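Only a predicted model underlies this, so the values are computations on that prediction, with no experimental measurement involved. For reference, positions follow the sequence shown, starting with 1.
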Amino acid sequence: TAVVDHVQAMQERKALHTLLAKQQEDLPPRRMKDSYLEVILPLGSQPEIREKYLNVHNSVRFGRILEDLDSLGVLICYTHTKQEMQPKSPLSIVTALVDKINLCKRIIYPDCDIKFTGSVSWVGKTSMEVKMHMLQLHDGDYSPVLDATFVMVARDPENKGPAFVNPLVPESPEEEEIFNQGELNKLKRIDFSTASLLKMAPTAEERNIIHDIFLNTLDTRTVSFRSRKLPPNSVWMEDTKLKGLQICHPQERNIFNRIFGGFLMRKAFELGWAIACSYGGSRPFIVSVDDIMFQRPVEVGSLLLLSGQVCYTEKNYIQVRVHTEVYDADTRDHHTTNIFHFTFISENEVPRVVPKTYGESMLYLDGKRHFAAVMKEI
């Protein structure tokens with residue numbers, strides 16, 4: 001019956017096309033407070049839900065928090081676009097990217113209530129930026145744990161093409177500031193991707209860094225470019241890789257028979273954490289998640305291949321990159337679906353990661369850029 005329900009749900013969605021706006025101007029403007037939501041996760045008062053959130057270190061599984069943030073982001077966008085007279089929204093709202101998630105606490109307690117708050121902070125024609133905050137209750141007060149910025153896009157009822165969303169009107173100087181920051185974030189992302197190492201050569205300074213690493217790994221006895229030796233307290237980048245496989249079961253799907261973004265984020269985070277754990281030799285803590293692009297949806301039934309590696313290190317910090325692709329068994333095609341960037345901090349100083357090939361050197365510089373951007377935020 002699950003399949004029947006699914007087909008029926010899609011048929012019902014088709015009928016919603018008539019409710020779509022022809023242009024953005026036809027939609028009533030909204031205020032930031034119109035989409036403001038507060039959700040309590042009662043880990044303290046309802047022990048029975050605790051198990052799902054618990055990790056072995058007696059702290060909260062961050063992967064679960066990623067799933068919750070993803071769901072909340074979607075809910076906030078539906079709240080922003082809700083029309084009085086329509087019981088069902090004609091929009092399909094999907095996660096386009098995670099701009100950033102910065103944590104200000106290392107430990108999230110498994111037995112204290114958590115509060116999520118958030119609202120739409122910027123709106124384009126068909127996309128919405130959502131800012132969310134997570135707080136945790138201690139001695140009667142909620143103290144901040146993390147801030148997250150997601151970008152969601154609105155699509156038509158069958159998730160086939162873009163759809164217009166209500167414009168956002170800031171009401172105070174503070175809100176103006178938040179809205180302008182959303183605009184800046186958008187421009188910053190465009191700059192970052194334009195300067196991508198896949199498109200443009202590294203800067204002179206970056207080239208020097210790579211050349212120094214290269215000279216540092218030459219074997220002085222043979223002076224041959226072929227024999228390379230690892231400097232002390234270092235690890236070759238190729239030796240930091242871990243892979244994973246996920247079969248995409250119907251349980252993790254949304255109404256469009258696709259896999260939830262939050263589930264993909266959790267899986268990628270868990271692999272990233274394992275990489276940081278085996279690399280640093282001590283317990284890593286997540287500091288930041290940034291620049292997750294959802295490049296294409298993951299269909300139910302596909303094989304999701306995850307591969308990750310350490311791409312940059314500095315003192316106690318480990319920058320991990322996880323790449324996910326789907327493999328379609330029928331067509332034998334591989335397609336990249338996401339690239340994830342995670343910044344971890346380890347309890348002890350970690351060895352230096354050393355690239356060997358030109359390709360790895362580009363990953364190293366990319367990791368260094370992401371790390372520098374995160375450090376500037378924090």
Trainee: Might you point out which heavy atoms bring Ser92 and Tyr78 nearest each other, and give the distance in Å?
Mentor: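 Looking at all heavy atoms of both residues, the shortest contact is CA-OH, 3.7 Å.
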
Trainee: Quick one: do Val350 and Leu230 end up in the same hydrophobic cluster if we chain Ile, Leu, Val, Met, Phe, Trp and Tyr together by side-chain heavy atoms under 4.5 Å apart?
Mentor: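 Hydrophobic grouping puts Val350 with Leu230.
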
Trainee: Hey, is NZ on Lys229 packed in by over 12 heavy atoms from elsewhere, all under 6.0 Å?
Mentor: yes

Trainee: Got Arg106 and Ile286 here, is their nearest side-chain heavy-atom distance under 4.5 Å?
Mentor: no

Trainee: Under the side-chain hydrogen bond (donor to acceptor under 3.5 Å, both in side chains) criterion, do Ser282 and Ser346 qualify, and how do the steps go?
Mentor: CA-CA 6 Å; Ser282 60; Ser346 201; 2.9 Å; yes

Trainee: Quick check on His57: does its NE2 atom have over 12 non-hydrogen neighbours (other residues, nucleotides or ligands) under 6.0 Å away?
Mentor: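 Check passes, neighbour count above 12.
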
Trainee: Could you check whether the rings of Phe340 and Phe342 sit parallel, tilted or perpendicular, using 30° and 60° as the cut-offs?
Mentor: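 If you compare the ring of Phe340 with that of Phe342, the planes turn out parallel.
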
Trainee: Please determine whether the number of non-hydrogen atoms from other residues, nucleotides or ligands lying under 6.0 Å from atom NZ of Lys105 exceeds 12.
Mentor: yes

Trainee: Which value, rounded to the nearest 0.5 Å, describes the distance between Ile108 atom CD1 and Arg64 atom CZ?
Mentor: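 The distance works out to 13.5 Å.
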
Trainee: Considering only heavy atoms from C-beta outward, does the side chain of Glu360 approach that of Val354 to under 4.5 Å?
Mentor: no

Trainee: Could you tell me whether the side chains of Thr324 and Thr337 share a donor-acceptor contact shorter than 3.5 Å?
Mentor: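 Yes, because at least one side-chain N or O of Thr324 sits under 3.5 Å from a partner of the opposite role on Thr337.
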
Trainee: For the CD1 atom of Ile318 and the CZ atom of Phe371, what is their distance to the nearest 0.5 Å?
Mentor: 10.5 Å

Trainee: Is Gln24 reaching over with its side chain to a backbone N or O of Gly124, donor-acceptor style, under 3.5 angstrom?
Mentor: yes

Trainee: To check you understand the geometry: which heavy-atom pair defines the closest contact between Asp70 and Gly261, and what is its length?
Mentor: OD2-C, 3.7 Å

Trainee: Closest approach of Glu347 and Arg283, non-hydrogen atoms and distance?
Mentor: OE1-N, 3.5 Å

Trainee: Please tell me if the side chains of Met362 and Pro202 come closer than 4.5 Å, counting only heavy atoms from C-beta onward.
Mentor: yes

Trainee: Can you tell me if Glu38 and Thr117 form a side-chain donor-acceptor pair at under 3.5 Å?
Mentor: no

Trainee: With no hydrogens and no angle check, is any side-chain donor or acceptor of Gln136 less than 3.5 Å from a backbone partner on Cys112?
Mentor: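 Yes; judged by distance alone, with no hydrogens or angles, the pair exists.
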
Trainee: So, Asn166 side chain and Pro28 main chain: donor-acceptor pair closer than 3.5 Å or not?
Mentor: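 At least one qualifying donor-acceptor pair exists.
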
Trainee: Hydrophobic clusters here meaning ILVMFWY residues chained together by side-chain heavy-atom distances under 4.5 Å, can you tell me if Met293 and Leu305 are in one?
Mentor: no

Trainee: Would you tell me whether Glu205 and Asn208 have side-chain atoms, one donor and one acceptor, within less than 3.5 Å of each other?
Mentor: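 Side chains of Glu205 and Asn208: no pair found under 3.5 Å.
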
Trainee: If the condition is ring pair (Phe, Tyr, Trp, His ring centres under 6.0 Å), which residues does Phe192 pass it with, not counting sequence neighbours?
Mentor: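 Counting only residues at least two positions away or on another chain, Phe192 forms a ring pair (Phe, Tyr, Trp, His ring centres under 6.0 Å) with His370.
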
Trainee: Does a side chain donor of either Ser234 or Arg352 reach within less than 3.5 Å of an acceptor in the other side chain?
Mentor: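 Checked: Ser234/Arg352 side chains show no N/O donor-acceptor pair below 3.5 Å.
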
Trainee: Mind running salt bridge (Lys or Arg N to Asp or Glu O under 4.0 Å) on Arg50 and Asp111 for me, showing each step along the way?
Mentor: CA-CA 7 Å; Arg50 221 174 275 166; Asp111 52 359; 5.3 Å; no

Trainee: Any luck finding a side-chain donor-acceptor pair between Glu325 and Tyr327 under 3.5 Å?
Mentor: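 No, Tyr327 and Glu325 have no side-chain donor paired with an acceptor closer than 3.5 Å.
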
Trainee: Checking the side chain of Asp99 only, and the main-chain atoms of Thr149 only, is there a donor and an acceptor separated by less than 3.5 Å?
Mentor: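 No; judged by distance alone, with no hydrogens or angles, the pair does not exist.
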
Trainee: Please give me the minimum heavy-atom distance between Tyr317 and Met375, naming the atom from each residue.
Mentor: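 Closest approach of Tyr317 to Met375: CE2-CE, 3.6 Å.
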
Trainee: Please examine the side chains of Val326 and Leu303, heavy atoms only from C-beta on, and report whether any two atoms are closer than 4.5 Å.
Mentor: no

Trainee: Return the set of residues passing ring pair (Phe, Tyr, Trp, His ring centres under 6.0 Å) with Phe285 (not counting sequence neighbours), or none when no residue passes.
Mentor: none

Trainee: A side-chain contact here means heavy atoms from C-beta on lying under 4.5 Å apart; do Leu37 and Ser119 qualify?
Mentor: no

Trainee: Side-chain heavy atoms under 4.5 angstrom apart, residues restricted to Ile, Leu, Val, Met, Phe, Trp, Tyr: same cluster for Leu69 and Leu75?
Mentor: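 Leu69 clusters together with Leu75.
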
Trainee: Students often mix this up, so state it plainly: with edges at 30° and 60°, are the rings of Phe179 and Trp122 parallel, tilted or perpendicular?
Mentor: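 The rings of Phe179 and Trp122 sit tilted, inter-plane angle from 30° to 60°.
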
Trainee: Leu27, Val169: one ILVMFWY side-chain cluster at the under-4.5 Å cut-off?
Mentor: no

Trainee: To the nearest 0.5 Å, how far apart are CD1 in Ile209 and CZ in Arg207?
Mentor: 11.5 Å

Trainee: Would you say the side-chain atoms of Ser288 and Asn102 include a donor-acceptor pair closer than 3.5 Å?
Mentor: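 Yes, Asn102 and Ser288 have a side-chain donor paired with an acceptor closer than 3.5 Å.
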
Trainee: Do Leu146 and Ile40 sit in the same hydrophobic cluster, where Ile, Leu, Val, Met, Phe, Trp and Tyr count as joined when their side-chain heavy atoms come under 4.5 Å apart?
Mentor: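 Looking at the clustering, Ile40 is in a separate group from Leu146.
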
Trainee: Looking at every non-hydrogen atom in both residues, tell me the closest pair between Cys77 and Val130 and how far apart they are.
Mentor: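 Scanning both residues, the minimum pair turns out to be SG-CG2, 3.5 Å.
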
Trainee: Start with the C-alpha gap between Asn180 and Glu177, add the side-chain angles, then the distance that decides, and say whether side-chain hydrogen bond (donor to acceptor under 3.5 Å, both in side chains) holds.
Mentor: CA-CA 5 Å; Asn180 293 339; Glu177 181 61 31; 5.3 Å; no

Trainee: Look at the side chain of Asp290 and the backbone N and O of Lys100, then say whether any donor-acceptor pair between them is shorter than 3.5 Å.
Mentor: no

Trainee: Is Arg31 salt-bridged to Asp34, going by a charged N under 4.0 Å from an acidic O?
Mentor: yes

Trainee: Nearest 0.5 Å please: distance from the CG atom of Leu66 over to the CG atom of Leu264.
Mentor: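 Nearest 0.5 Å value for the CG-CG distance: 11.0 Å.
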
Trainee: Is it true that Asp328 and Ser302 share a donor-acceptor pair across their side chains at a distance under 3.5 Å?
Mentor: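 No.
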
Trainee: Quick one: pull up OG1 in Thr357 and CG in Leu363 and give me the separation to the nearest 0.5 Å.
Mentor: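 That separation rounds to 8.0 Å.
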
Trainee: Taking NZ, NE, NH1 and NH2 as the nitrogens, is one of them in Lys368 or Glu206 under 4.0 Å from a carboxylate oxygen of the other?
Mentor: no

Trainee: Looking only at atom types and distance, does a side-chain atom of Asp156 sit under 3.5 Å from a main-chain N or O of Ala163, one as donor and one as acceptor?
Mentor: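 No; zero donor-acceptor contacts below 3.5 Å.
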
Trainee: Indicate yes or no for a side-chain donor-acceptor contact from Trp273 to the backbone of Pro284 under 3.5 Å, with no hydrogens or angles considered.
Mentor: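 Between the backbone of Pro284 and the side chain of Trp273 there is a qualifying donor-acceptor contact (under 3.5 Å).
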
Trainee: Under a 4.5 Å cut-off applied to non-hydrogen side-chain atoms, are Leu97 and Ile292 in contact?
Mentor: no

Trainee: Verify, without hydrogens or angle tests, whether Arg30 (side chain) and His80 (backbone) share a donor-acceptor contact under 3.5 angstrom.
Mentor: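 At least one qualifying donor-acceptor pair exists.
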
Trainee: Looking at Glu51, I want to see if its CD is surrounded by more than 12 non-hydrogen atoms of other residues, nucleotides or ligands under 6.0 Å.
Mentor: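 Result for CD/Glu51: open.
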
Trainee: If you take all heavy atoms of Phe263 and Gln246, which pair is closest and at what distance?
Mentor: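 Phe263 and Gln246 have their closest heavy atoms at CZ-NE2, 3.8 Å.
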
Trainee: Applying the side chain to side chain contact (heavy atoms under 4.5 Å, CB included) criterion to Met128, which one of Val151, Ile93, Val153, Leu168 satisfies it?
Mentor: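 So the option named by the test is Ile93.
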
Trainee: Could you pull out every donor-acceptor pair under 3.5 Å between side chains of residues 307-314 and any protein atom, sequence neighbours left out?
Mentor:
from   : atom 1 : to     : atom 2 : distance (Å)
Tyr312 : OH     : Glu314 : OE1    : 2.4
Thr313 : OG1    : Val353 : N      : 3.1

Trainee: Side chains of Ile114 and Tyr109, heavy atoms from C-beta outward: is any pair under 4.5 Å?
Mentor: no

Trainee: Compare all side-chain heavy atoms of Ser278 with those of Leu242 and state whether any distance is below 4.5 angstrom.
Mentor: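 Yes, side chains in contact.
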
Trainee: Find the distance between CG (Asn338) and CG (Leu306) and round it off to the nearest 0.5 Å.
Mentor: 9.0 Å

Trainee: Strictly distance-based, threshold 3.5 Å: is any side-chain N or O of Asp366 a donor or acceptor partner for the main-chain N or O of Leu197?
Mentor: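 Judged by distance alone, no pair lies under 3.5 Å.
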
Trainee: Donor-acceptor pair, Ser127 side chain versus Val123 backbone, under 3.5 Å?
Mentor: no

